[in-house]
Every structure is written in structure tokens, then in C-alpha cells.
Amino acid sequence: MSGRSDFSVKCLDDPQALCTAAADEFVRAYTAAIEARSVFRVALAGGSTPCRLHRILTESPYREKISWDQVEFYFGDERTVHPEHADSNFRMANDTLLAELGIDDSKVHRMCAEQVDLDRAAHYYQEIIADAFCSEAGDPPPSFDLILLGMGSDGHTASLFPDTSALHEGERWIVANEVPQLGCSRMTFTYPLINAADRVVFMVSGAAKATALCAVLEGPENLSHCPSQGVAPTPGSLLYLIDQAASEQLTSETTRLCQGEN
Ligand code: 6PG
């Protein structure tokens, strides 16, 4: 296993169990945030895995555990498409969570990644976050109560893709990131912002992620090749929620960690 031991791993039987565990983490983070500051600021993950989590959150018993008007929704990354486009992470979250819960638009902070000037839009999104957290110029990155992340089969997370410039961003919280392997750009949280979070939870499901997950948890440190390794919240917590299919290549040492045996 890599030298990193500052994380925990829970291995669940299947995607439904994984997303139920993610819903439990959502409620746990929400409860702590409301007790501390009466507002819960969460950054949602993109891709397809979160759809199941979102459905669980809109149904009993989870729906009733949250006072939804105390939740502020942000997005960890976005594609450079219109918010109504099928590839939009905002559209996915709106269709599966926000509209269903009737979340007021003022509580939903969308990345305007469809803007022609993506870098300007990234600066604007950082200003939105700074205003929300009452951060002043030069302040360290603010701490989201919860950042949800997925992992690609290439080891990317958010839109921090292998061998892209955003991996080297040490100051800004939000950047435009050119992704040659996709032939497009994305807007994304950077490591400084992700790693300032109180809690970061990965949701990694399916056999297609097994090789990447093994590289992240057990391989040598190589951020350029395996960007998810750069997620190391300090002093916040890091939890990997994985399912059996994604865990197939992990060694027994890591799977013992899954069972809480240190
Ligand atoms: C995106 C995501 C990305 C995603 C992973 C996993 O915009 O695509 O932010 O980081 O979380 O690619 O995606 P799946 O959940 O679809 O496997």
C-alpha cells in the first residue's frame, strides 16, 4: 500500500450500498455543519455514480433528515457545455436531486462553464466561493463541509486529469483546465481547495475503476499519472467508498483496512 495512511476505506457490496453509505456520510457532514454554523456547504461530484446517491437523498428516510433550505450546493467541476446539455453536471444534479427537492435557485451555485472565456468564468466562480465564505484576497482556501468526488478509470477526479496543467495549480481554487485527451477544457476545483475541505468522500464503483483505485491506494505516488492521489485533505478527513467490483485488485492489506482492521 502506498505510504499514505491518512484515509479510510469502506468496501460495500454493490453500487446501491455504496451510495447509501454516501448518503449516511452526507447526513453526518450536514449534521456537524448545522451544529457549527447553521449552513451546510457541499460540492457535488459529476459523472454518473452520484445519480444513485441523489435519488437516495430525495427519498425517505434521508429526505426528512435534512433541512434542505440550509444547504448550499456547489459543483466540483463542470463540462464546457450549456446547463441543459446532457453532459452537464449541473443538469444531472438538477434532474436527479435539486428539482426533486425544490431547491431554491439562490442555494445552487452553478459553474458557468459554457462561457466563451472559461478562465474569466473560473475567476468569477472563485469570487462566488470567496463571498460565501467571507474570504478576503490572499486568504487560504475555505473549507467546504463536504466535497464529493468520483474517480475516472484513468485516475482523474473532478476535472483534474492526468498530465494537465491544473494538477500544478497551488494558489487558485478554481481553474479552467485544458484536457487534450478529451479534446476540450473543463472548469474544476483545484487541490488547494479540495484539500482544505472538512470532509472529502470518494465514490468509486465498478470493475472499470479497479486498476485506477489500486494505483491510487497502493501504487507509488505519481500525481501526473494518477491525479486522485493528490487528494489529501488536511486536517480534514478522506474516505473512499468503494464497491466489491472496484476493490478486486486491492491487496489484502488494504481490504483489511476496508473492514476497519488496522
Ligand atoms: C466529471 C466528474 C468526474 C467523475 C468521474 C467518475 O465531470 O466527469 O466530475 O470526475 O466523477 O469521471 O465518473 P462516473 O461516476 O461516471 O464513473
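Remember, predicted model here, so these are calculated numbers, not experimental data. Just so you know, ligand 1 is whichever comes first in the structure, and atom 1 is the first atom listed for that ligand.
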G150 heavy atoms within 4.0 Å reach ligand 1 at atoms 11 (O)
Going by the 4.0 angstrom heavy-atom rule, the piece of S205 near ligand 1 is neither
Of all protein heavy atoms, the one nearest atom 13 (O) of ligand 1 is G47 CA, 3.9 Å
among protein heavy atoms, the one nearest atom 8 (O) of ligand 1 is R79 NH2, 2.7 Å
Under 4.0 Å between heavy atoms, the region of S48 that gets near ligand 1 turns out to be both
Atom 4 (C) of ligand 1 sits nearest the protein heavy atom G46 O, 3.9 Å
| message | Please tell me whether Y125 and F75 form a close aromatic pair, meaning their ring centres lie under 6.0 Å apart. | response | no
The single option from D77, T188, T164 that satisfies side chain to side chain donor-acceptor pair (under 3.5 Å) with S159 is D77
The protein heavy atom nearest to atom 15 (O) of ligand 1 is T49 OG1, 2.7 Å
Honestly, for L149 the part within reach of ligand 1 (heavy atoms, under 4.0 Å) is neither
Taking only non-hydrogen atoms of R186 and a 4.0 Å limit, the atoms of ligand 1 in range are 1 (C), 7 (O), 8 (O)
| query | Is any NZ, NE, NH1 or NH2 atom of the basic residue among E100 and R55 found under 4.0 Å from an Asp or Glu carboxylate oxygen of the other? | reply | no
Rounded to the nearest 0.5 angstrom, the CE-CZ distance for M187 and R110 is 9.0 Å
Taken to the nearest 0.5 Å, the spacing of Q229 CD from S224 OG works out to 10.5 Å
protein heavy-atom neighbour closest to atom 6 (C) of ligand 1 works out as M151 O, 3.5 Å
ask   = Any salt bridge between R28 and E25, counting N to O under 4.0 Å?
value = yes
Open item on the list: Check contact between M203 and ligand 1, using heavy atoms of the residue and a distance below 4.0 angstrom.
Closed with: no
Looking at ligand 1, is there an atom of it that comes within less than 4.0 Å of some heavy atom belonging to K209?
yes
*Less than 6.0 Å separating the ring centroids of F189 and Y74?*
no
For N89, the ligand 1 atoms with a heavy-atom partner under 4.0 Å come out as 1 (C), 7 (O)
Are V179 and I194 connected in the hydrophobic side-chain network, where two residues link if heavy atoms are under 4.5 Å apart? no
*Assess A158 for proximity to ligand 1: is some non-hydrogen atom of it under 4.0 Å away?*
yes
**Asked** Going by distance only, is there an N or O of H156 that falls short of 3.5 Å from an N or O of ligand 1?
**Response** yes
Counting heavy atoms under 4.0 Å, the part of D77 that contacts ligand 1 is side chain
- prompt: Under 4.0 Å between a Lys/Arg side-chain N and an Asp/Glu carboxylate O for D119 and R172?
  reply: yes
The ring-ring contact (aromatic ring centres under 6.0 Å, His included) partner of F40 among F26, F144, W68 is F26
